[in-house]
J.: 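The structure under discussion is supplied below as structure tokens; questions concerning it will follow.
In the text below, chain A, chain B and the rest are named by the order of the sequence lines, each starting its count at 1. Side chains included, hydrogens not; waters and symmetry mates left out as well; all remaining heavy atoms used.
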2 protein chains.
Amino acid sequence: MPTLRSRAKASRRDALLAAAAELFARSGFNGVSIEDLGAAVGVSGPAVYRHFTGKQAVLTALLVGASDDLMTGGQAVVDAAADAPGALAALVRFHVRFALDNPDVIRVQDRDLGSLPDTDRHRVRALQRAYVELWVSVLGQVHPSTPVTLLRMRAHATFGLINSTPHSAAAASAPAETVRALLEEMALAALTPR
Amino acid sequence: MPTLRSRAKASRRDALLAAAAELFARSGFNGVSIEDLGAAVGVSGPAVYRHFTGKQAVLTALLVGASDDLMTGGQAVVDAAADAPGALAALVRFHVRFALDNPDVIRVQDRDLGSLPDTDRHRVRALQRAYVELWVSVLGQVHPSTPVTLLRMRAHATFGLINSTPHSAAAASAPAETVRALLEEMALAALTPR
DNA sequence: GAATTAGGTTAGTCAGCACTAACTGAAATG
DNA sequence: CATTTCAGTTAGTGCTGACTAACCTAATTC
């Protein structure tokens with residue numbers, strides 16, 4: 001039964017995670033203090049320890065959550081696709097949408113992964129690897145004659161392309177729909193061996 | 001006249017910058033101590049202050065140097081090109097080579113730029129903007145009917161693609177020449193409006 | 001409604017780290 | 001060769017920041 005207190009706690013935890021994404025993205029994991037994080041949600045400092053065992057635990061929750069969402073969501077769109085080319089297009093759409101919707105998390109993911117404790121870092125990396133292999137397997141069906149190694153490099157570079165949006169604040173200079181379409185087109189072009 | 005001491009000093013400074021690139025790339029600016037940096041070149045801690053006024057000054061030298069090299073080198077290859085399509089191909093070749101030769105600097109550049117003091121950060125950003133506009137101007141000649149805003153977004157995303165190599169250690173899994181050719185091909189494909 | 005739980009508070013504690021002080025010895029200078 | 005310069009040393013200093021202690025109060029439990 002969801003008691004008043006437990007719901008308050010859950011929403012505070014969510015607020016902390018959201019604030020952490022924003023703060024870590026702006027200043028880096030090491031540039032944000034527990035005090036800053038608490039202040040961002042209106043509590044002060046040590047209250048954070050009522051929700052997370054420590055600063056690293058906040059980062060862990062954020063990054064495990066993100067790579068989990070990517071993996072789960074990617075698997076879902078592939079399962080829903082009719083054929084391999086359709087799956088690839090769906091993956092591109094899905095990833096572009098994710099990057100545009102969660103620029104902060106994307107930024108933290110490839111900037112502060114190294115600040116995770118070993119165990120958690122390996123967990124996140126395992127999820128990321130699985131996600132890459134999902135792409136590689138679809139790519140392999142669409143381009144059967146291309147060596148898997150090359151397809152894996154293509155996938156990595158394409159993530160770099162799509163994930164760069166958070167870096168270029170230029171995204172704000174055009175309507176979101178235009179940006180989305182452009183990134184999808186570029187990603188597909190980059191993925192296709194000529 | 002280059003005295004014995006002055007040459008020793010210059011080479012120590014170079015060694016410090018090289019070590020800084022590597023350490024900052026691995027652990028982030030805030031994750032590296034002055035002590036670490038000194039130790040990496042065989043001196044201990046405060047000796048660094050004989051070469052740089054402070055920790056931030058090391059980062060400044062590193063990043064201003066890098067964006068300067070990019071801008072200067074980019075301008076040179078454009079000037080040397082026979083026509084616009086040639087200039088674009090040369091820019092791609094130049095940038096891919098730079099990223100593969102200086103993965104640490106690339107990583108530090110887009111991870112720790114925010115740790116620079118305001119003045120220096122603006123200086124680096126100005127150089128980066130000029131470099132982007134160099135690309136945009138060449139792209140504008142090759143694709144005159146495409147709005148400049150879209151070309152700028154393409155340039156940014158292409159940098160993300162090329163600069164992602166340092167992130168994916170996968171680079172080690174194939175011969176350097178293969179990686180280089182693949183990145184060049186992907187970059188050109190991504191840059192070309194279909 | 002008394003007892004307990006738990007999210008919050010403020011006031012430490014302790015470690016790490018950027019930077020300074022004081023000094024040393026060898027190269028540079030005249 | 002006497003003097004100065006300067007890259008290095010070790011020993012602080014002061015601040016920041018993660019985390020702990022002790023306590024307080026209101027929601028939960030029985």
Side-chain angles (χ1 to χ4, degrees), chain A residues 1-20 22-24 26-63 108 112 114-118 120-121, chain B residues 1-20 23-24 26-63 108 112 114-121:
Chain A
M1 63 212 74
T3 148
L4 207 169
R5 197 143 72 177
S6 72
R7 264 179 298 122
K9 175 159 185 167
S11 81
R12 170 111 330 152
R13 191 191 143 95
D14 291 349
L16 280 169
L17 281 176
E22 196 176 318
L23 292 176
F24 292 168
R26 178 171 29 244
S27 312
F29 178 72
N30 284 316
V32 176
S33 72
I34 288 280
E35 186 66 38
D36 294 337
L37 182 52
V41 304
V43 302
S44 242
V48 174
Y49 291 92
R50 298 294 172 187
H51 302 274
F52 298 93
T53 62
K55 198 185 170 190
Q56 282 182 330
V58 180
L59 185 61
T60 298
L62 201 60
L63 297 192
V108 175
D112 292 313
S115 297
L116 283 180
D118 289 10
D120 298 318
R121 191 175 59 253
Chain B
M1 65 209 71
T3 148
L4 207 169
R5 218 198 234 159
S6 71
R7 265 180 297 124
K9 176 159 183 168
S11 82
R12 170 109 335 149
R13 191 191 144 96
D14 290 349
L16 280 169
L17 281 176
L23 292 176
F24 292 168
R26 176 170 32 243
S27 311
F29 179 72
N30 286 317
V32 176
S33 71
I34 288 281
E35 187 65 37
D36 294 337
L37 181 53
V41 303
V43 302
S44 241
V48 174
Y49 290 92
R50 298 294 171 187
H51 303 274
F52 297 94
T53 63
K55 199 185 170 189
Q56 282 183 329
V58 179
L59 185 62
T60 298
L62 201 61
L63 297 191
V108 175
D112 293 313
S115 297
L116 283 180
D118 289 10
T119 313
D120 298 319
R121 191 174 59 253

J.: Could you tell me how far apart A/Glu35 (CD) and C/dA11 (C1') are, to the nearest whole angstrom?
T.: 13 Å

J.: Rounded off to whole Å, could you give me the CG-to-P distance for the A/Asn30 and C/dA18 pair?
T.: 11 Å

J.: Using OP1 and OP2 only, check whether a side-chain N or O of A/Arg50 sits under 4.0 Å from C/dT9.
T.: no

J.: Any donor and acceptor pair, going by atom type alone, linking the side chain of B/Ser27 with main-chain N or O of B/Phe24 inside 3.5 Å?
T.: no

J.: So A/Val48, base contact, sugar-phosphate only, or nothing? Heavy-atom distance under 4.0 Å.
T.: nothing

J.: Any side-chain N or O of A/Ser44 less than 4.0 Å from the OP1 or OP2 oxygen of C/dT9?
T.: no

J.: Does one side chain, of B/Ser115 or B/Gln56, offer a donor that lies under 3.5 Å from an acceptor on the other?
T.: no

J.: Nearest whole angstrom, please: distance from the C1' of D/dG17 to the CZ of A/Phe29.
T.: 12 Å

J.: Take the protein atom CZ of B/Phe52 and the nucleotide atom P of C/dA18, then report the distance between them rounded to whole Å.
T.: 15 Å

J.: Does D/dA7 have OP1 or OP2 sitting under 4.0 Å from an N or O in the side chain of B/Arg13?
T.: no

J.: How would you label the contact of B/Gly45 with the nucleic acid (heavy atoms, under 4.0 Å): base, sugar-phosphate, or nothing?
T.: nothing

J.: To the nearest angstrom, how far is B/Arg12 atom CZ from C/dA27 atom P?
T.: 14 Å

J.: Using whole Å, report how far NZ of A/Lys55 lies from P of D/dT20.
T.: 15 Å

J.: Does either side chain, that of A/Asp36 or that of A/Ser33, offer a donor lying less than 3.5 Å from an acceptor on the other one?
T.: yes

J.: Take atom OH of B/Tyr49 and atom P of D/dT9, then tell me their distance rounded to the nearest Å.
T.: 14 Å

J.: Taking the side chain as everything from C-beta on, heavy atoms only, tell me whether B/Val108 gets closer than 4.5 Å to B/Phe29.
T.: no

J.: What residues, two or more places apart in sequence or in another chain, satisfy salt bridge (charged side-chain N to carboxylate O under 4.0 Å, His left out) together with A/Arg50?
T.: none

J.: Between A/His51 and C/dA6, is there a contact of a side-chain N or O with OP1 or OP2 at under 4.0 Å?
T.: no

J.: Nearest to the side chain of A/Pro46, which nucleotide is it out of D/dT28, C/dC17, C/dA11?
T.: C/dA11

J.: Between P on D/dA26 and NZ on A/Lys9, what's the gap in Å once rounded to a whole number?
T.: 19 Å

